[in-house]
Amino acid sequence: MATTYRVGSNDNGNGALLAGAVGFGLGLAASAGRKAAVQAITAAAGDWFDGLKAEHKLAMGIIETLEKTTEAEPKKRAMILTSLEHALGKHAVQEEDVIYCALRALGDVADADALGHDHNAKVKQGLYDLEQIDKTSPAWAARLQQLKADIQAHVAEEENVVFPRLRDKLSADENRKLTGRMNREGFKVA
Ligand SMILES: [Fe+2]
Ligand SMILES: [Fe+2]
């Protein structure tokens, strides 16, 4: 529970702000264990590429769980959709803020931009649509199938073409540093 600190009688609301900040800090400490546990799944898989592959598998598993739901289970669909959004959100931060930047730094701007565009136009749009569409209508399952196909194509491009090339271009030390950097960014949003 957050502790309220009074900063004098005429603090113009700073006391409330401070209490909020302290509460936020306590919240961060409490969630650090959960965040570490979430990121550990990625980190334990191996280097940055192995970690991302493990996350692709995890996301696909959540999508398959969603596919098994029916139009009579809108609440279940909403709940599972939230975990998919969380998993893909963290995944996108790691790729967009670290891996795609490393690609650009090595001159592969076209692939970095194309993959980033997929995240916005295909993945984030798909998740948004699944939030909007009535979860008891057939249109919802159809939109899920489209998102699944889009993600499969994007993942194939990353795993079979772009990421192996990036890993090969970097030295063992550079790959190790990239892995550390990616896991730190992932932890922030885990
Ligand atoms: Fe991606
Ligand atoms: Fe990915």
Side-chain angles (χ1 to χ4, degrees), residues 34-68 77 79-133 142-190:
R34 184 196 58 78
K35 286 159 81 76
V38 169
Q39 195 60 33
I41 298 167
T42 304
D47 73 359
W48 63 268
F49 188 10
D50 298 324
L52 292 175
K53 274 196 278 194
E55 292 189 356
H56 290 158
K57 242 178 139 177
L58 180 78
M60 214 35 81
I62 300 173
I63 289 172
E64 280 159 15
T65 309
L66 270 178
E67 283 179 314
K68 290 183 191 124
R77 284 182 165 178
M79 233 173 61
I80 303 169
L81 181 60
T82 299
S83 44
L84 182 63
E85 286 166 345
H86 187 247
L88 288 176
K90 188 184 87 74
H91 186 75
V93 165
Q94 291 169 175
E95 291 187 340
E96 290 170 16
D97 296 7
V98 182
I99 305 304
Y100 297 175
C101 293
L103 282 172
R104 286 193 193 90
L106 288 167
D108 192 357
V109 176
D111 280 325
D113 287 352
L115 291 171
H117 183 262
D118 282 351
H119 282 192
N120 288 319
K122 306 263 176 77
V123 184
K124 289 172 194 176
Q125 189 63 46
L127 293 169
Y128 174 84
D129 290 348
L130 287 173
E131 284 284 352
Q132 299 298 311
I133 297 169
R143 188 65 185 89
L144 178 65
Q145 285 311 303
Q146 180 60 55
L147 175 64
K148 184 187 183 186
D150 287 341
I151 290 177
Q152 280 172 327
H154 176 86
V155 162
E157 179 71 12
E158 288 183 337
E159 292 192 2
N160 303 333
V161 184
V162 181
F163 289 175
R165 207 162 48 203
L166 174 61
R167 183 154 68 176
D168 288 350
K169 265 189 195 171
L170 300 173
S171 69
D173 192 49
E174 286 168 335
N175 271 306
R176 198 177 45 74
K177 280 182 182 146
L178 193 62
T179 300
R181 180 89 201 275
M182 188 193 82
N183 280 312
R184 280 195 296 280
E185 289 305 307
F187 177 81
K188 286 183 199 168
V189 291

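Residues: numbered from 1 along the sequence shown. Computed from a predicted structure; not experimentally measured. All heavy atoms count here, side chains included; hydrogens, waters and symmetry mates do not. Indexing begins at 1, ligand by ligand and atom by atom, following the structure's order.
By the 4.0 Å N-to-carboxylate-O rule, K124 lies close enough to E96 to be salt-bridged with it. Between D108 and R165, at least one side-chain N (NZ, or NE/NH1/NH2) sits under 4.0 Å from a carboxylate O, which counts as a salt bridge. Between E174 and K177 there is no salt bridge, since no side-chain nitrogen of the basic residue lies less than 4.0 Å from a carboxylate oxygen of the acidic one. Using a 4.0 Å cut-off between a side-chain N of Lys or Arg and a carboxylate O of Asp or Glu, R181 and D97 do not qualify as a salt bridge.
In terms of distance to the Fe ion (ligand 1), the nearest N, O or S atom of H119 is named NE2.
Within the protein, the N, O or S atoms sitting under 2.8 Å from the Fe ion (ligand 2) are H56 NE2, H91 NE2, E95 OE2, E158 OE1.
Q94 and K90 share a donor-acceptor pair across their side chains, judged by distance under 3.5 Å alone.
For the pairing with L178, the side chain to side chain contact (heavy atoms under 4.5 Å, CB included) check across N183, V98, D47, D173 returns one residue only, V98.
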